[in-house]
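A quick write-up on the structure given underneath.
Only this structure's heavy atoms are used, side chains among them; waters, hydrogens and symmetry mates stay out. This structure is a prediction, so every number in the text was calculated from the model and none was measured.
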Amino acid sequence: MIDRSKIVAMVEHWLMTPPNAYYGSSYGADLNGLLLVSLTSNVADEFIAKMKADLPILSSLDSDELSLYTTTSGFEKRIIVLRIGTVSIDLTNLQQS
């Protein structure tokens, strides 16, 4: 049975894997693609669409159960957060191997 902890583990693996890390596959998250883009771009929608393509189990989630948003910390720092149901994952300090 696939429970919440397994889905979170799948997402964490996807986040830690850079795109094209597996030969012949585009699997993986482009975390650098979230940075330094104009505020009018639809990068969050593209990020979630790629996540759903790479992890088909997430396709069954509604848009209010899977989201990407930012918050501010201090004067100049933005924190990017991925929310899956009630689980929030801070993407700001993740380092891909």
Report task. Check the pair F47, W14 against ring-ring contact (aromatic ring centres under 6.0 Å, His included), reporting the backbone distance first and the verdict last. Result -> CA-CA 12 Å; F47 188 84; W14 184 79; 5.3 Å; yes
Query raised in the report: Do T72 and R78 touch side chain to side chain, with heavy atoms closer than 4.5 Å?
Result: yes
**Report entry** Rounded distance (nearest 0.5 Å) linking atom OG1 of T70 with atom NZ of K77
**Finding:** 13.0 Å
Query raised in the report: Under 3.5 Å, is there a donor-acceptor pair between the side chain of K52 and the main chain of S60?
Result: no
Report summary line: Between L68 and L91, the two heavy atoms sitting closest are CD1-CD1, 3.6 Å
Query raised in the report: Crowded around R83 CZ? As in, over 12 foreign heavy atoms under 6.0 Å?
Result: yes
Query raised in the report: Looking at CG of L58 and CE of M51, how far apart are the two atoms once the value is rounded to the nearest 0.5 Å?
Result: 6.5 Å
Report task. Over all heavy atoms of both residues, which pair between A29 and P19 is shortest? Give the atoms and the distance, please. Result -> O-CD, 3.1 Å
Query raised in the report: Is Y69 linked to L61 within one hydrophobic cluster, defined over Ile, Leu, Val, Met, Phe, Trp and Tyr using a side-chain heavy-atom separation of less than 4.5 Å?
Result: no
Query raised in the report: Are V87 and L94 grouped together when hydrophobic residues (ILVMFWY) are joined by side-chain heavy atoms under 4.5 angstrom apart?
Result: yes
Requested in this report: Using the rule that two of Ile, Leu, Val, Met, Phe, Trp, Tyr join whenever any of their side-chain heavy atoms come within less than 4.5 Å, decide whether L66 and I79 are in one cluster.
Outcome: no
Query raised in the report: If you round to the nearest 0.5 Å, how far is CD1 of I80 from CG of L34?
Result: 5.0 Å
Report summary line: CD (E12) and OG (S5) are apart, to the nearest 0.5 Å, by 10.0 Å
Query raised in the report: Given side chains that start at C-beta, do those of S41 and E46 come closer than 4.5 Å, heavy atoms only?
Result: no
Report task. Kindly compute the distance separating CD1 (I7) from CD1 (I84), expressed to the nearest 0.5 Å. Result -> 8.0 Å
Report summary line: Nearest heavy-atom contact between V81 and S88 is CG1-CB, 3.9 Å
Report task. May I ask you to decide if D64's main-chain N or O and S67's side chain share a donor-acceptor pair within less than 3.5 Å? Result -> no
